[in-house]
Asks: 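Here's a structure for you.
Nothing fancy with the numbering, it's 1 onward along the sequence. For clarity, every value in this text was computed on a predicted model and none was experimentally measured. Note that ligands are numbered from 1 as they come in the structure, with each ligand's atoms numbered from 1 the same way.
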Amino acid sequence: MLDKDDHLGKNAWTELLPGETEAVHKFNKSYLDFLNQSKTEREAIENIYRTARDKGFISIDECQDLKPGQKIVIREKGKICALIVMGQDPIENGINIVASHIDSPRLDLKVRPLYEEDGLALLKTHYYGGIKKYQWLAIPLAMHGVVVKKDGHMVNIVMGEKTEEPVLTISDLLPHLAKEQMEKKMSEAISGESLNALAGSIPLDKEGKDLVKNHVLQRLKDQYEIEEEDFTSAELELVPAFPAREVGLDRSMVGGYGQDDRVSAYASLQGVLEVKDPAKTVLCLFVDKEEIGSVGNTGLHSLVIENIVTEIMHLAGKTNYLDIRRCLARSCALSADVNAAVDPNYPDVFEKRNCSFLTRGVVVTKFTGSRGKSESSDANPEFLGRIRKLFEDEKVSWQVGELGKVDIGGGGTVAQYMAYYGMEVVDCGVAVMGMHSPFEIVSKVDVYMSYKAYRAFMQSF
Ligand code: MN
Ligand code: MN
């Protein structure tokens with residue numbers, strides 16, 4: 001696909017097969033719905049799980065014996081989901097894995113968030129993932145999440161998505177008084193501790209202390225039956241309150257929050273739903289906590305893949321240690337995650353001969369990392385050769401991608417945590433402009449090509 005004289009490659013809109021242009025727009029319409037209904041990791045997993053059940057995946061607990069073609073779903077802690085389609089080939093020969101992450105940068109409420117200052121009630125936050133703090137000021141924020149009461153009862157909260165519901169917001173300093181602030185370094189102009197969201201201004205009574213805060217607490221009690229102490233066992237996230245939208249006069253792009261990496265989650269979900277009688281067993285995996293290093297018991301830097309594979313092999317009657325190790329080591333994986341698209345407004349940070357562009361198809365990223373590929377899983381060329389052939393055979397428009405210029409920054413994905421087992425893995429996902437912002441941009445045709453890529457990979461032998 002890469003022409004010798006043209007590092008930009010071909011625009012994937014021009015490479016579509018007959019009928020595919022309509023398919024691209026239709027696919028992205030459903031994708032927009034998914035984005036708007038999946039603004040947190042829990043919501044994404046709930047939607048993925050429900051879709052899988054509707055499409056005939058059965059829970060592993062209901063599964064008696066495994067035959068080729070059997071579809072199984074595993075959900076863990078409300079933040080991990082695994083969709084499995086059993087293949088013809090013995091499982092110890094390895095499986096095909098596509099793994100994406102469903103967490104995105106946001107503002108988490110602290111465990112003791114609510115306080116009163118200057119006659120106003122505010123909620124303290126601690127940001128999650130890599131954000132440019134200024135992007136989260138002066139925009140409407142919705143509050144999503146769960147509160148768990150002492151008796152284990154879970155209260156689900158979604159506030160600020162419907163136009164009749166209130167939103168929260170973090171104020172920005174007026175330019176008139178921002179002379180000192182504007183002279184500061186961008187990284188220092190807004191402190192983490194100033195990311196406090198406005199939550200109320202009506203006092204509960206005429207006289208007393210913390211009356212505005214107490215009024216907010218009363219509203220929380222009336223509406224959700226939660227008390228102040230309940231915040232300590234809660235997971236409440238502030239996310240942009242506006243919906244994802246089509247972008248451009250030609251409607252060719254999608255703008256919205258959380259596309260890193262729910263775009264890969266959605267595309268791989270649609271891919272696995274279409275997998276029929278695969279040669280290899282397929283594992284389509286959705287994990288949490290990538291944005292903070294894949295740590296914790298819902299991130300991929302845990303034993304989750306190993307546990308899922310062991311459960312499946314147990315059902316298949318193959319629980320000996322050697323079979324499990326062989327299955328993992330002989331597997332192949334796509335780390336389904338996004339790369340940075342060259343931004344014409346900021347050309348200086350991109351090395352255009354190796355970076356990825358909007359509309360040039362799904363991006364195959366050989367390595368990520370920073371400062372000399374640190375923390376990267378550098379894909380083996382033997383595996384990349386197979387991926388090239390597969391994508392060309394299956395008419396998947398694709399491009400190469402590197403995350404910006406050497407030494408300008410960098411980043412990582414879940415690839416290294418799969419490579420750990422010895423399996424072949426490469427990063428593969430769409431290019432995103434304005435990654436980690438409240439309104440990330442992707443190209444519709446790239447989204448469609450990523451779905452074709454994941455589906456083709458899952459069916460491959
Ligand atoms: Mn990502
Ligand atoms: Mn990210």
Asks: Write the atom name of the N, O or S atom in His101 that is nearest the Mn ion (ligand 1).
Replies: NE2
Asks: Apply the salt bridge (charged side-chain N to carboxylate O under 4.0 Å, His left out) test between Glu46 and each candidate in Lys39, Lys79, Arg75; give the one that qualifies.
Replies: Arg75
Asks: Parallel, tilted or perpendicular for Phe391 and Trp398, by the 30°/60° rule?
Replies: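 Rings of Phe391 and Trp398: perpendicular, as their planes differ by over 60°.
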Asks: Could you confirm whether Asp260 has any N/O/S atom lying under 2.8 Å from the Mn ion (ligand 2)?
Replies: yes
Asks: The Mn ion (ligand 2) and His436: any N/O/S contact shorter than 2.8 Å?
Replies: yes
Asks: If you draw the axis of the six-membered ring of Phe57, does the NZ or CZ of Arg53 fall within 45° of it and under 6.0 Å from the ring centre?
Replies: no
Asks: I'd like to know if the Mn ion (ligand 1) has an N/O/S atom from Asp337 within less than 2.8 Å of it, counting both backbone and side-chain atoms.
Replies: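 Yes, within the cut-off.
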Asks: Decide yes or no on side chain to side chain contact (heavy atoms under 4.5 Å, CB included) for Tyr49 and Asp54, but give the supporting numbers first.
Replies: CA-CA 9 Å; Tyr49 181 78; Asp54 289 349; over 6 Å; no
Asks: Which of the N/O/S atoms in Glu291 sits closest to the Mn ion (ligand 2)?
Replies: OE2
Asks: Can you check side-chain hydrogen bond (donor to acceptor under 3.5 Å, both in side chains) on Asp337 and Ser335, steps first, answer last?
Replies: CA-CA 6 Å; Asp337 206 345; Ser335 161; 5.5 Å; no
